[in-house]
Amino acid sequence: MRGRPGLVTAYQRDMAIFPTNTQRVWFAAFALVMALLTFVLSDDLALRGASAAAAAVGAIGLNLVTGWAGQISLGHAFFLGIGAYTAAALGGETGGPLIGLGLEMWIWLPAAGLVAAVAGIVVAPIATRLRGLYLAFVTLGLVFIGEHIFREWDSLTGGIGVGRSAPKPILFGYDLSREGSFLGFTLSAEQQYLLFALVVLLVMGFLAKNLVRGRVGRAFSAIRDRDVAAEIMGINLARHKLIAFAISSFYAGIAGALLWTFVGFIEPRSFSLTLSIVYIAMILIGGAASIMGSIMGAVFITFLPRIVDLLSGYVPFIEDSPTGGFLTVSQVEQILFGLLIVVFLIVEPLGLYGIWIRIRNYWKAWPFSY
Amino acid sequence: MTDRLLTVTDIRLAFAGVVALDDVGFEVNQGELFAIIGPNGAGKTSIFNCLNGVYHPQQGSITFAGHDILGMRAHRIAELGMARTFQNIELFENLTVLDNILLGRHLSFSYGPFSAAIYRGRAKREEIENRARAEDIIDFLEIQAFRKSLVGMLPYGVQKRVELGRALAMDPKLLLLDEPVAGMNLEETEDIARFILDIKEELGIAMILVEHDMGLVMDIADRVMVLDFGRKIAEGVPSVVQQDPEVIRAYLGEEFKSEELHSAEVEAAEATGGAS
């Protein structure tokens, strides 16, 4: 509408993900910048970026079940592990001592999600009987069961201290882990990982956004806020908790498969409680019940070691070496980690996303204060 | 009878030793405004909880719209067309008014999680259709200004209206209203009374009203049932129920007979006299 940019005349437009043209343009510009960045980033940063994007997929998954549906899950590491090992089994080298079918990425990546989703469906009935902390404890048990299986199943995982190599990321005959050229530019393996991970994140992010803005997402939020009232509205609690767990695990499976493919090596001890807590931290710091928040949290947590690394150059008592000094980098990382969770829970429950909204609202009204 | 919507026969609900409802039975007809009154703890809200499947009575039967709903899960009863508001507001406070009302329309959607993720065709069409219906309800209750506000931030009176809207959005056959005007001033009470009458006259929805505001009940109810300590003590049109001695006793207490009063005074005097 000319002269009345705030006027919306169709429900379709009012309900769109980006209701205004300004938002669309900004988003397109942002996506373009991200895509261009992949061509210029150093390998180290590109790999971290790729890991962040893959972790963001996993964080979106956890946010669906915990942020939206309100079912606290400490079992996310288990589903990440299932994804990683499904991918390794289907995409691993054939003929070796370990299970490997040598399939291509377009098969093993969705399969990793689907197998994890099935595991999620098996677990979901517990959630219909338990809530809150009790559910958290049961999902905690899941992590230990998973850890045990991953340790003992030598023909799949290689066993403790041995591990196995990750599947080869071969997409329709094109090996992402080898240097390649794209539109005349040479891309390293890490840069190709980043590009691929960004595409996956874009697709999975939009699918999740669609899910939560419609009927299913509303039902999730209703169950989180007041489950008795939700049931009286006609929402089938058992069914929606099942959907939440299945989709969440699907996202975790995809994320697990991608993350460990980028690392190149899968060690059975990786899928511990600590990993689950890292993901909880991502959604708490990023912002519960927000897709953008999940992404921000994942990026922040993945880049936190880099930030601490940078700090060690300026702060005298943080040492880069693993032994000397008052505090090592990894110690500072752990301290910051715990501190951030506490600070965000108390000061900014909406997370980084909440801070972003506040900054945005400030500039919307600028130079007026309201 | 063809216009019988709800038949409750002799339901008994007990929590361990405490009997909350003792052989209570009543009927509600199509389009009727039926009120349940009684002192605190009489079992009014317990009846609602039995009707929409939160509690399951141990005895008796409940027939709603031709279905036996005793022991049925709450979401199945909702599918049959029973909606409800709560005494202490039970809105989804982290969601907007619009989302709350759309949640009332949850059963009018038919698409599943897969079409939701794609958000094309049917999913999009259903969202738009139901949005239009939600807007009708927002207009009806005059809460347009709060459409996109988070429910938790709204004043109490508006929240009560949103809750009514959420229940109406279900297109119910029977609407259970649990103290819709509790804690409201005269003006807000009149607004709600107007909405309730509009729902009855324009939408033709049958309602069961639990309310402590006697003025409201006596003015708008077609029939009234009175409960006391889980027992039904009276039922009928408001003007008759008002005169019922049992009802007056339940609300105001027993009147001392003059002889009893006299002998009590004598006893008291003797007691004090003996002491001095």
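Quick note on labels: first sequence line is chain A, next is B, and so on, each numbered from 1.
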If I take atom CG from residue B:L70 and atom CG from residue B:L51, how far apart are they, to the nearest 0.5 angstrom?
10.0 Å
Could you check whether B:E127 pairs with A:R218 (Lys NZ or Arg NE/NH1/NH2 to Asp/Glu carboxylate O, under 4.0 Å)?
yes
Are any side-chain N or O atoms of A:T139 and backbone N or O atoms of A:A136, one a donor and one an acceptor, separated by less than 3.5 Å?
yes
Under 4.5 Å to a heavy atom of chain A? For B:S110 that would be backbone
What part of B:L91 lies closer than 4.5 angstrom to a heavy atom of chain A: side chain, backbone, both or neither?
backbone
Chain A contact via B:F114 - which portion, at a heavy-atom distance below 4.5 Å
neither
Scored by heavy-atom pairs under 4.5 Å with chain A, the best of B:E79, B:M82, B:E135 is B:E135
Given a strict heavy-atom distance threshold of 4.5 Å, which part of A:A289 is in contact with chain B: side chain, backbone, both, or neither?
neither
Heavy-atom distance under 4.5 Å between the side chains of B:L103 and A:I235, does that happen here?
yes
Checking B:I89 against chain A: side chain, backbone, both or neither under 4.5 Å from a heavy atom?
backbone
Taking every heavy-atom pair that is under 4.5 Å apart, which of A:R213, A:H240, A:R215, A:M15 has the most such pairs with chain B?
A:R215
Name the option with the most non-hydrogen atom pairs under 4.5 Å to chain A; the candidates are B:A117, B:A123, B:A132, B:A78.
B:A117
Options A:A222, A:G217, A:A208, ranked by heavy-atom pairs under 4.5 Å with chain B, top entry
A:A222
Can any side-chain N or O of A:Q12 pair as donor or acceptor with the backbone N or O of A:A10 at less than 3.5 Å?
no
Donor on one side chain, acceptor on other, B:R120 and A:N210, under 3.5 Å:
no
Side-chain contact, heavy-atom cut-off 4.5 Å: A:H76 with A:S248?
yes
Whatever's closer than 4.5 Å to a heavy atom in chain B on A:I232 counts as both
Counting heavy-atom pairs under 4.5 Å with chain A, the top scorer among B:H106, B:R166, B:E90 is B:H106
Best-contacting candidate, A:R224, A:K209, A:R226, against chain B by heavy atom pairs under 4.5 angstrom:
A:R226
Should we say atom OH of B:Y156 is surrounded by more than 12 heavy atoms from elsewhere, each under 6.0 Å from it?
yes
